[in-house]
Amino acid sequence: MESGCSHYNDADSEHSRCIIHIDVDCFYAQVEMVRNPELRSVPLGIQQKNIVVTSNYEARKYGIQKCMLVTDALKVCPNLKLVNGEDLHNYRTASNKIFAVLQCWKCPVEKLGMDENYIDVTNLVQEKMKSLNVSNVTLSGHAYSEPSIDCPCGCHTRLRVTSQIASEMRKKIFEDLSFTTCAGIAHNKLLAKLICPQNKPNDQTTIFPEHGTSFMSTLDSVRSIPSIGSKTTEALISQNIVTVSDLQEASLDVLKKHFSSDMAVRLKGLSVGEDNTPVKQTGKPQSIGLEDSFKIVSVRSEVEDKFTALLQRLLVLVREDGRIPVSLRVTLRKKDAKRLSSHRESRQSQISPSIFALSNGALTVTDAGQQKLMNIIMRLFNKLIDLSKPFHLTLVGLAFTKFQERMTGRGSIVNYLMNDISVQSVLNLQNECDTSASSMDYSAVSPSSSTTTDLSDAEVEPSPKKPKKVNWIAKRRCLSKEEVASPSKLKVGELRLNSKELEKVSELRLNSRDRSLTPRASPAKDNLSDTSDSMRDCEERSCDDCPSYVDKEVFSALPDNMQKELKAMWKNPSTSEVQRSSPRTTNKAKPNTIMKYFVPHK
Ligand code: DGT
Ligand code: MG
């Protein structure tokens with residue numbers, strides 16, 4: 001049977017893929033219940049502002065629903081215990097732990113919001129089937145509907161194996177972290193996600209490809225399809241296409257009149273449960289940011305207070321992330337009193353990595369470092385605001401927008417040279433935006449809201465799927481077109497001891513040197529960046545022979561000629577420029593370089 005499948009490609013129509021979607025039950029409520037087990041036996045609601053954003057299943061018995069007003073919730077359940085859920089720290093931590101557990105299967109895992117993940121286990125299933133008696137494989141959990149005849153491609157068996165893996169994953173999440181979850185199993189992401197809540201809480205459901213069309217026709221609104229956003233829904237409704245059945249019946253020609261040809265075809269495909277979008281491995285966000293919105297602030301000192309508070313919170317997030325930021329962006333939303341409108345403006349500055357220190361693998365910032373960051377922030381603020389005139393702000397935002405890569409690997413020379421760095425993978429992230437909220441809405445979304453993991457004042461971050469979450473989706477979306485909205489790419493760098501690592505040692509140093517050598521752009525051309533801070537910081541750093549991240553004791557223990565060679569690399573920008581512009585895949589050690597100590601001579 002397996003050999004019969006080997007010719008299948010990834011096209012959805014061939015049902016060759018094995019996808020699991022896992023959603024944590026009443027996520028915020030479970031996090032609170034794990035922290036305080038006494039809450040398990042009482043009806044529990046999680047409150048943000050005056051809304052109950054979720055509740056445990058005990059509370060749901062009383063009719064508590066998501067996003068109910070607190071007053072209404074207390075009417076239906078006067079005993080409802082309310083816990084404030086505006087600080088997302090614990091939810092984020094739990095979310096990362098669940099993601100980490102799922103990584104253990106070594107399959108692509110794509111995070112969607114905080115409590116959902118897709119896992120593509122196709123290869124693992126192929127592998128398992130080699131050692132299985134395929135006629136004996138049973139389904140774990142529920143089937144949406146039992147298949148009538150076997151599909152010749154063998155997908156039924158593969159999905160049964162997938163259901164076993166889903167069960168193992170859920171068990172492990174429960175054993176390690178005490179969270180119960182639901183899973184959906186299908187040959188594509190769309191069906192896996194939509195079938196997931198069929199038997200909740202704490203259970204799983206598999207849907208076989210042949211039931212895709214009939215299952216989709218049970219969905220009331222086209223908006224239930226995750227990749228159909230509110231604008232597309234409106235456009236469809238304007239054509240009297242309200243339910244998924246309506247979409248199934250709509251003619252392609254009619255759809256093509258209102259949407260692009262590609263989109264019309266995609267909509268038709270979705271309506272019958274077809275979806276060939278891949279599971280994209282999630283990496284760390286490209287930027288980490290926070291925003292604080294308010295009615296109005298018109299005094300500089302108040303702005304400074306807001307930024308000070310934001311910076312404190314932002315530093316906690318950066319510490320959790322572990323990467324060293326090298327760029328900081330300040331955003332303001334200015335209110336134009338005359339035009340009764342508001343608009344956003346941002347400016348960013350490079351920052352010196354030396355502001356951050358690594359101690360026992362953890363990122364720290366001294367008080368002086370924080371003061372430096374505040375100086376940079378207020379300098380950017382002064383550039384955005386003409387203080388000789390009155391100003392009115394309704395939002396301030398801060399984001400770290402670029403990060404230094406940390407070269408690691410057990411055998412890496414960089415590891416020996418760096419102070420106190422814990423060993424971890426090298427992640428080179430290329431995703432431009434959070435991809436979880438991709439949607440087929442064709443309306444343009446303000447680019448100013450696109451590239452950070454911005455969280456609002458209350459840090460409200462719902463899971464990205466239901467109609468109520470449209471604003472959140474719009475806020476987090478990068479671009480409206482689906483194909484550009486999911487560019488998450490993660491590259492795991494090689495952890496071999498090769499010349500790339502040595503280049504990196506010099507690059508880390510030279511990145512800052514180059515900046516300090518770059519003449520400052522004129523204000524007119526320098527709309528979005530400011531190099532002055534990095535210039536100052538780099539000047540401070542350049543007094544020493546070797547970079548600040550180097551453990552001098554270890555460095556001094558290296559042989560003389562090795563020391564010389566490293567120093568030469570740190571000192572010589574032109575050499576580095578060549579290295580950086582040349583393809584970085586050259587692994588061969590040049591003769592008479594430091595590499596001769598590491599690369600065996602043939
Ligand atoms: P479930 O999956 O039905 O058992 O329940 P939850 O609570 O896990 O719901 P889900 O998966 O839709 O969302 C995950 C978390 O996201 C949820 O615990 C609270 C938060 N959340 C969901 N919807 C909203 C919303 O509309 N607004 C806000 N602020 N947070 C939300
Ligand atoms: Mg959930």
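Whatever order the structure lists them in is the order used to number ligands and atoms, beginning at 1. Sequential numbering from 1 along the given sequence is applied to the chain's residues.
Counting the atoms of ligand 1 from 1 in the order shown, those under 4.0 Å from a heavy atom of Asp25 are 4 (O), 8 (O). Listed by number with element, the atoms of ligand 1 under 4.0 angstrom from any heavy atom of Val24 are 2 (O), 8 (O). Shown in contact with Gln48 at under 4.0 Å from a heavy atom are these atoms of ligand 1, numbered in order with element: 28 (C), 29 (N). Listed by number with element, the atoms of ligand 1 under 4.0 Å from a non-hydrogen atom of Lys200 are 1 (P), 3 (O). Listed by atom number, the atoms of ligand 1 under 4.0 Å from Tyr57 heavy atoms are 1 (P), 3 (O), 4 (O).
Contacts between Met114 and ligand 1 below 4.0 angstrom, taking non-hydrogen atoms only, are absent altogether. Contact annotation: for Arg60 versus ligand 1, heavy atoms closer than 4.0 Å belong to the side chain alone. Contact annotation: for Tyr91 versus ligand 1, there are no heavy atoms closer than 4.0 Å. At a 4.0 Å heavy-atom cut-off, ligand 1 touches Asp23 through the side chain alone. Neither the backbone nor the side chain of Glu116 has any atom closer than 4.0 Å to an atom of ligand 1 (non-hydrogen atoms only).
Scanning both residues, Gln48 and Gly85, for their nearest heavy atoms gives NE2-O, 2.8 Å.
Using modelled atom types and a 3.5 Å distance limit, the side chains of Thr122 and Arg17 yield no donor-acceptor pair. Residues Ser327 and Thr401 bring a donor and an acceptor atom of their side chains to less than 3.5 Å of each other. Looking only at atom types and distance, the side chain of His258 has a donor-acceptor partner in the side chain of Gln239 under 3.5 Å away.
Using a cutoff of 4.0 Å between basic side-chain nitrogens and carboxylate oxygens, Lys81 and Glu32 are not scored as salt-bridged. Contact check on Glu168 versus Lys171 returns no salt bridge, with no Lys/Arg side-chain nitrogen under 4.0 Å from an Asp/Glu carboxylate oxygen.
Residue contacts with ligand 1 leave out Pro201, since none of its heavy atoms falls under 4.0 Å from the ligand.
Residue pairs that meet the ring pair (Phe, Tyr, Trp, His ring centres under 6.0 Å) test with at least one member in residues 34-69, sequence neighbours left out, do not exist here.
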Would you be so kind as to tabulate the donor-acceptor pairs closer than 3.5 Å made by side chains of residues 37-45, with sequence neighbours excluded?
residue: Ser41; atom: OG; partner: Glu38; partner atom: O; Å: 3.4

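Metal site remark for the Mg ion (ligand 2): Asp25 contributes no N, O or S atom at a distance under 2.8 Å. Using a cut-off of 2.8 Å, one finds that Phe27 contributes no N/O/S atom close to the Mg ion (ligand 2). At least one N/O/S atom of Asp23, whether from backbone or side chain, sits less than 2.8 Å from the Mg ion (ligand 2).
Distance check: Leu380 CG to Glu345 CD gives 12.5 Å after rounding to the nearest 0.5 Å.
Remark: ligand 1 and Phe27 share an N or O pair separated by less than 3.5 Å (distance only, no angle test). Backbone and side-chain nitrogen or oxygen atoms of Cys67 are examined, and none is located within less than 3.5 angstrom of a nitrogen or oxygen of ligand 1.
Distances from the Mg ion (ligand 2) to the N/O/S atoms of Asp115 are shortest for OD2.
Between His15 and His187, the ring planes are perpendicular. Angles over 60° get that label, and only those under 30° would be called parallel.
The salt bridge (Lys or Arg N to Asp or Glu O under 4.0 Å) test with Asp275 singles out one residue from Lys193, Arg266, Lys189, and that residue is Arg266.
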